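In this text the structure is predicted, and so the values were computed from the model without any measurement.
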Amino acid sequence: MKRLWAAAFMALAALAHAEPGVTADKLVLGMSTPLTGPLAHYGAELRRGVKLGLDQVNSAGGIAGRRIELLVRDDAGVPERAVANTRELLAAGVLAMTGYHGAASIEAVLPLLDEAGAPLIGAASSAELLREPMRKRVFNLRAGAREETAAMVLQLDTVGLIEIAAIVQEDALGRAGLEGIQLELNRLALRLASLARLSVAANTAAVAQAVQTVCKQRPQALMLALDASNALSVIRQARRIGCVPQFYVMSEAGAQLLAGAAAPGELSGVIVSQVVPHPSTSSVPLVVDYQRLLAGAAPPSYPGLEGFVYSRVIAEALRRCGREPGRRCLVTGLEGKALDAGGYRVQFTPGDRRGSRFVEMTIVTPDGRFRR
């Protein structure tokens, strides 16, 4: 009888200390991302990249003998659905989250993640609200809007374009973008030639007014801290009235525009900032690995490579846990020494969740490709 009681006590103790998403043979991750709706391309490519990386880890024996399983839910880019999905994933028991996309959806689920103590490793958004104030459980594996727009200004200065205008969105993305623009311009002792703001749901008249405002000054470059829909409307309207500065667009909007929002050739010459290396480069081991594993199943893409980065970083952090993975050691592993995911380096500290500040510029070719 004593042995039975002892066995029962040990079983209860093990259950009480069981880590969410950790069993004897698997580790479970959760992902809510848009697989339908206007952001479906980005979400589907993110999922493809994450899955590609996790399959590679599993085929090599997993982590300490455990396979990594990914539970994916479609939120269609709708914050309410992202919240419902996150509740479901947490109830199912997941170790960590990854691959969320869209600032509004991510912001909506943050209280749930904080309450559950579940880390989000890899958020596909440049929104600064995920970076400042620092959110302990959000690990950003890409540069933010501030870094993207600052890099744009730096490139403009390098090529000698100093008459710069901007149209920014009246939301977290636009505010962070404007801050980055102004900080870098101040550093260079420059100022915006003109500035206009657009609401997220701007109508045709509002877009026309914003374009008229900035184009009066005949800027050499027009920086757009806008989502894909507003950015395309601005570019079309500006070209319609003969205003043809060098257009600069941020990474998320650029990926969405080339996914089908714009007609072939319509974006030719537009500069797009990117927060991961070019998915067709041969100079970064991580990217070469991604291309090899993709094996022609789909064209290499920036969102796909971004998802691949997420899986590689998570796998390395889990390896640092040894044979006892869990949320606490996962966070500790990420906060340790710098992590090199095959030429893509990330570094976190207990006080900084900006893992990467990598930004490079690409130009859209007439056939609708990104060229460095």
Side-chain angles (χ1 to χ4, degrees), residues 126-128 131-132 142-198 202 206-228 230-255 257-258 262 266-275 278 354 357-366 370-372:
S126 298
E128 289 295 326
R131 295 161 175 83
E132 290 186 10
R142 52 177 284 162
R146 191 181 302 164
E147 285 94 6
E148 285 194 60
T149 50
M152 291 178 184
V153 174
L154 185 60
Q155 196 213 39
L156 286 167
D157 179 60
T158 301
V159 299
L161 301 183
I162 59 173
E163 295 298 322
I164 304 167
I167 301 179
V168 303
Q169 207 155 275
E170 292 181 320
D171 64 359
L173 174 68
R175 288 190 295 272
L178 180 58
E179 182 180 1
I181 293 168
Q182 292 177 327
L183 281 172
E184 195 64 26
L185 285 175
N186 288 339
R187 193 184 70 79
L188 298 171
L190 297 172
R191 58 180 297 178
L192 281 172
S194 56
L195 170 67
R197 291 178 168 84
L198 282 178
V207 170
Q209 180 59 52
V211 171
Q212 287 285 354
T213 297
V214 297
C215 285
K216 282 180 183 177
Q217 304 301 321
R218 298 183 179 276
Q220 297 171 306
L222 178 54
M223 301 178 65
L224 307 178
L226 304 169
D227 62 21
N230 276 337
L232 184 56
S233 295
V234 165
I235 292 170
R236 285 172 171 169
Q237 175 62 20
R239 287 175 170 169
R240 189 175 296 122
I241 66 172
C243 178
V244 287
Q246 178 66 71
F247 294 103
Y248 277 72
V249 175
M250 296 173 67
S251 59
E252 291 175 72
L257 288 171
L258 258 66
E266 193 170 17
L267 298 175
S268 179
V270 172
I271 303 294
V272 180
S273 56
Q274 305 291 356
V275 293
H278 196 290
R354 291 176 182 266
R357 290 171 170 79
F358 173 88
V359 182
E360 70 175 7
M361 296 300 148
T362 58
I363 188 169
V364 181
T365 63
F370 288 120
R371 188 185 73 216
R372 289 186 296 170

Q: Taking side-chain hydrogen bond (donor to acceptor under 3.5 Å, both in side chains) as the test, write out the residues that go with D227, two or more places apart.
A: none
Q. Does some side-chain heavy atom of S268 sit less than 4.5 Å from a side-chain heavy atom of V364?
A. no
**Q.** Reported CG-to-CD1 distance for the pair L190 and I162, which is rounded to 0.5 angstrom
**A.** 6.0 Å
Q) Going from CD on Q237 to SG on C215, what distance comes out if it is rounded to the nearest 0.5 angstrom? A) 8.5 Å
Q) Backbone N or O of E163 within a donor-acceptor pair of the Q220 side chain at under 3.5 Å? A) yes
(Q) Side chains of E148 and S251: any donor to acceptor distance under 3.5 Å? (A) yes
Q.
Has E360 got a side-chain atom pairing as donor or acceptor with S273's backbone, closer than 3.5 angstrom?
A. no
Q) Between the side chain of R131 and the main-chain N/O of A127, is any donor-acceptor distance below 3.5 Å? A) yes
Q | Donor-acceptor contact present, side-chain N186 to main-chain Q182, <3.5 Å | A | yes
Q) Atom CG in N230, atom CG in L224: separation rounded to 0.5 Å? A) 9.5 Å
Q) Is it true that R354 and E128 make a salt bridge, defined as a side-chain N closer than 4.0 Å to a carboxylate O? A) yes
Q: Report yes or no: does E147 contribute a side-chain atom to a donor-acceptor pair with the main-chain N or O of G144 at less than 3.5 Å?
A: yes
Q) At their closest point, which heavy atom of M250 faces which heavy atom of A145, and how far apart are they? A) CE-CB, 3.5 Å
(Q) Any non-hydrogen side-chain atom of F370 less than 4.5 Å from a side-chain atom of L258? (A) yes
Q.
Side chains of V234 and V214, heavy atoms from C-beta outward: is any pair under 4.5 Å?
A. no
Q: Step through the shown structure and confirm whether more than 12 heavy atoms of other residues, nucleotides or ligands are within 6.0 Å of CZ on R218.
A: no
Q: Before accepting this row, confirm whether a basic side-chain N of the pair E266/R239 lies closer than 4.0 Å to the acidic partner's carboxylate O.
A: no
Q | Residue pair T362 / Q274, side-chain donor-acceptor N/O under 3.5 Å | A | yes
**Q.** Under-4.0 Å salt bridge between R146 and E179
**A.** yes
**Q.** Residue among L222, L267, V270 satisfying side-chain contact (heavy atoms from CB on, under 4.5 Å) with V249
**A.** V270
**Q.** Residue pair A238 / V211: nearest heavy atoms and the distance that separates them
**A.** CA-CG1, 3.7 Å
Q) Roughly how far, to the nearest 0.5 Å, is CD1 of I167 from CE of M223? A) 12.0 Å
Q: Hey, could you give me the CG/CD distance between L156 and Q246, rounded to the nearest 0.5 Å?
A: 8.0 Å
Q) How long is the gap from OG1 on T158 to CE on M361, to the nearest 0.5 Å? A) 10.0 Å
**Q.** Enclosure of R357 CZ (heavy-atom neighbours >12, cutoff 6.0 Å)
**A.** yes
Q: Can you see which heavy atom on F247 is nearest to which on I235, and at what distance?
A: CD2-CG1, 4.0 Å
Q: Evaluate the side-chain proximity of R187 to L183: yes if any heavy-atom separation is below 4.5 Å, no if none is.
A: no
Q) If only atom types and distance count, is the side chain of T149 paired as donor or acceptor with the main-chain N or O of G177 below 3.5 Å? A) yes
